[in-house]
Amino acid sequence: KPFKKLAAALALTAVFSVSAFANDPIVIKFSHVVANETPKGQGALMFQKLVDERLAGKVKVEVYPNSSLYADGKEMEALLLNNVQMLAPSLAKFDKYTPKIQIFDLPFLFDDIKAVERFEQSEAGQSLLRSMEDKGITGLTYWNNDLKQLSANKALREPKDARGLKFRVQASEVLDAQFKAIRAVPRKMAFGEMYQGLQTGVVNGAENPYSNIYSQKIHEVQKFITESNHGLLSYMVIVNTEFWNNIPADIRTELTKILDEVSVEVNKQSHNLNQSDKQKIVDSGASQIITLTNEQREKWREAMRPVWKQFENAIGADLIEAAEKANK
Ligand code: LMR
């Protein structure tokens, strides 16, 4: 009898120690700066849900939206230190790591989001995912938000309307040059500070897709939104290379499969999500949406186009040509 009791106690200890020490799930902290209701926010939650369903007990994804863990400017550093394992920064935020990714921010490069997808899936687009491995960053996939619109408290119909206005930009040399090309004043500012920057007049205008305008309430502090579709906001889902390569192969394969599924879904829904946010902005009556005539839009294109030449050497003329081909 005492022996039986001891055996039972030992068995119990064994059970506990297995669950406490061995096979702890791999934790993937996924940090981002936008709201849950945006394409990226939805993608992160979808990834978390599918991992929960298919890799329960093996991998656990923790999502931190709205700059709640790291604001931009800090998140890439955190990834390299393995304090966070997955991010999806805007493609405008990589120029420190590889100048080639600046391609995505050239103004008026892509005709529409379908062309963006074609370029991302092309050999040239896919090779950019692996262009930062020597820096410890592995790109896994692209998630698109949408094309960007200009906003201000002034009606912007032609480039000259923007002259002298201060625009919030992401930390990107291309976007800095883009606003200088129209003789406006770019101000680099973290995403999470944009609303207040606009509200207090530190900056007068911004460029965002409708989903970010709506979820950040930018339309409440900007009287006009010009539907310019002049540039792109898309993301690269990235991981710390060493962390990723150390994940057991079978688990890594499953994570890749899940991520591929999520990417298809995000990229299928992102444009519609932006369109429905546009409608919500219209319905709010808080901001007026300006539609450009072809002639007006052509003026913006002409004014911003010199930026291409400025960055041609850093990006590569061949890569620019490959991207242009995606327009069909
Ligand atoms: C921005 O800073 O405007 C964007 O990169 C934010 C985002 O992640 O969509």
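Counting starts at 1 for both ligands and their atoms, following the listed order.
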Under a 4.0 Å threshold between the charged nitrogen and the carboxylate oxygen, would [Y] count as salt-bridged to [X]?
{"X": "Lys268", "Y": "Glu265", "result": "yes"}
{"X": "Lys93", "Y": "Glu75", "result": "no"}
{"X": "Lys280", "Y": "Asp277", "result": "yes"}
{"X": "Lys257", "Y": "Glu254", "result": "yes"}

> If you count only heavy atoms, which residues are under 4.0 Å from ligand 1?
Replying inline: Val33, Val34, Lys40, Asp72, Ser90, Lys93, Arg168, Gln170, Phe191, Asn208, Asn212, Leu233, Tyr235

> Do Arg297 and Trp300 meet the cation-pi criteria used here (NZ or CZ under 6.0 Å from the six-membered ring centre, within 45° of the axis)?
Replying inline: no

> With distance as the sole criterion, is a donor-acceptor pair present between the side chains of Asn144 and Ser234 under 3.5 Å?
Replying inline: yes

